[in-house]
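Take a look at the structure set out below.
Here is how names work: the chains are called A, B, and so on, in the same order as the sequence lines, proteins then strands, and each is numbered from 1. On a predicted model such as this, the values are computed, not experimentally measured, just so you know.
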Amino acid sequence: DAGVIQSPRHEVTEMGQEVTLRCKPISGHDYLFWYRQTMMRGLELLIYFNNNVPIDDSGMPEDRFSAKMPNASFSTLKIQPSEPRDSAVYFCASSLDLTGRVYNSPLHFGNGTRLTVT
Amino acid sequence: AQKITQTQPGMFVQEKEAVTLDCTYDTSDQSYGLFWYKQPSSGEMIFLIYQGSYDEQNATEGRYSLNFQKARKSANLVISASQLGDSAMYFCAMRGSYGNNRLAFGKGNQVVVIP
């Protein structure tokens with residue numbers, strides 16, 4: 001089975017440019033998460049969706065960040081304009097709530113997008 | 001709010017030895033799940049093992065076992081018979097209920113297995 005697919009794997013861009021990260025969750029999964037990982041701050045949740053609806057975006061750093069999930073098989077995380085402090089690894093993850101007890105379900109992660117903003 | 005604490009410094013482990021990674025957590029949820037993930041130097045996040053808050057038995061998955069002590073709010077990972085491929089960063093994480101559906105992570109434990 002295909003896992004969570006993220007693209008691109010690496011992105012290098014200049015400050016001020018728009019960056020779009022893409023994610024395809026595992027088919028049938030109903031939760032989708034965007035995380036950011038840095039050495040200083042570890043793994044931070046940015047936003048998560050349930051059935052394509054944003055549930056909690058309190059981790060989105062500021063208005064420069066936006067995320068969408070237009071359908072069950074695709075999500076984007078956009079940074080506009082990008083800044084050097086946005087340099088990080090961005091992970092997308094998905095999970096399936098089979099039992100109604102969502103806390104039982106592990107998240108399955110994509111391989112991440114390493115973003116470098118110069 | 002959920003809080004996960006992993007405070008051990010980096011660890012060196014002899015190949016074939018067992019290693020225990022400590023994790024304590026804090027939550028007000030009655031129902032929650034505890035997870036361990038492995039992140040090798042290649043960067044991917046690999047799910048290892050899960051323990052539910054109402055599970056009476058400690059979870060096991062191959063060479064991984066979880067020492068769950070609910071009253072102490074600890075969920076330590078035990079890796080038996082360490083292999084060179086176990087060298088990685090290990091993250092403890094929690095997923096709650098009642099709107100706390102995010103997976104909250106600790107800072108991680110670095111493990112290096114030496115031959």
Side-chain angles (χ1 to χ4, degrees), chain A residues 1 3-6 8-10 23 26 29-51 53-60 88-116, chain B residues 1-7 10 23 25 27-55 59 61 64 66 68 70 75 77 88-110:
Chain A
D1 289 339
V4 176
I5 299 172
Q6 291 186 247
R9 287 298 309 275
H10 301 274
C23 175
I26 293 172
H29 280 197
D30 51 357
Y31 281 83
L32 184 138
F33 300 77
W34 284 100
Y35 282 84
R36 177 171 69 176
Q37 185 179 32
T38 60
M39 288 293 292
M40 291 296 294
R41 300 174 69 93
L43 279 153
E44 304 174 275
L45 177 69
L46 299 177
I47 185 171
Y48 77 93
F49 298 82
N50 179 215
N51 292 322
V53 176
I55 302 300
D56 183 353
D57 65 354
S58 60
M60 296 286 264
V89 178
Y90 291 81
F91 286 103
C92 176
S94 69
S95 73
L96 173 63
D97 182 12
L98 264 177
T99 64
R101 291 175 289 177
V102 67
Y103 54 86
N104 282 344
S105 305
L107 272 60
H108 299 271
F109 283 77
N111 286 331
T113 294
R114 181 172 295 277
L115 173 65
T116 303
Chain B
Q2 300 153 304
K3 184 178 179 182
I4 311 294
T5 303
Q6 296 177 261
T7 57
C23 172
Y25 61 91
T27 181
S28 55
D29 288 352
Q30 294 300 308
S31 303
Y32 52 87
L34 295 156
F35 304 82
W36 278 90
Y37 284 80
K38 172 184 178 181
Q39 187 176 40
S41 58
S42 50
E44 68 268 33
M45 293 288 289
I46 302 167
F47 165 61
L48 295 178
I49 194 168
Y50 158 80
Q51 177 84 42
S53 58
Y54 289 110
D55 294 341
E61 198 69 52
Y64 304 108
L66 204 153
F68 180 48
K70 190 171 181 177
L77 177 70
M89 185 74 85
Y90 290 82
F91 292 94
C92 180
M94 165 188 284
R95 195 170 188 186
S97 51
Y98 304 113
N100 281 331
N101 297 146
R102 62 178 61 201
L103 190 65
F105 284 89
K107 297 292 186 186
N109 295 107
Q110 182 71 51

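- Nearest approach of B/Gln39 to A/Phe91, heavy atoms of both residues: NE2-CZ, 3.6 Å.
- Atom CD of A/Gln37 is separated from atom CZ of B/Phe91 by 5.0 Å, given to the nearest 0.5 angstrom.
- Among A/Ala93, A/Ser95, A/Gly110, the residue making the largest number of heavy-atom pairs under 4.5 Å with chain B is A/Ser95.
- Nearest heavy atoms, A/Arg41 versus B/Lys107: O-NZ, 3.6 Å.
- By number of non-hydrogen pairs under 4.5 angstrom with chain A, the leading residue of B/Ser31, B/Gly96, B/Ser97 is B/Ser31.
- Looking only at distances, a side-chain donor or acceptor of B/Arg95 sits under 3.5 Å from a matching main-chain atom of A/Ser105.
- Counting heavy-atom pairs under 4.5 Å between each of A/Asp56, A/Val89, A/Asn50 and chain B puts A/Asp56 at the top.
- Neither the backbone nor the side chain of A/Glu44 comes within contact range of chain B; no heavy atoms are under 4.5 Å apart.
- Top candidate by heavy-atom pairs under 4.5 Å with chain A, chosen from B/Gly33, B/Gly52, B/Ser42, is B/Gly33.
- No more than 12 heavy atoms of other residues, nucleotides or ligands sit less than 6.0 Å from atom NZ of B/Lys3.
- No side-chain heavy atom of B/Phe47 sits less than 4.5 Å from a side-chain heavy atom of A/Leu107.
- Nearest heavy-atom pair across A/Phe33 and B/Leu103 is CE2-N, 4.5 Å.
- Separating the CD atom in B/Gln30 from the OH atom in A/Tyr103 is a distance of 10.5 Å, to the nearest 0.5 Å.
- In terms of modelled atom types and a separation under 3.5 Å, the side chain of B/Tyr37 and the main chain of A/Phe109 share no donor-acceptor contact.
- Neither the backbone nor the side chain of A/Arg114 comes within less than 4.5 Å of any heavy atom of chain B.
- Taking a 6.0 Å sphere around CD of B/Glu61, one finds it holds 12 or fewer heavy atoms contributed by other residues, nucleotides or ligands.
- The structure places CG of A/Leu45 at 10.5 Å from CG of B/Asn101, a figure rounded to the nearest 0.5 Å.
- Between atom CZ of residue B/Phe35 and atom CG of residue A/Asn104 there is a gap of 7.0 Å, rounded to the nearest 0.5 Å.
- Remark: B/Gln2 engages no residue in a side chain to side chain donor-acceptor pair (under 3.5 Å) (not counting sequence neighbours).
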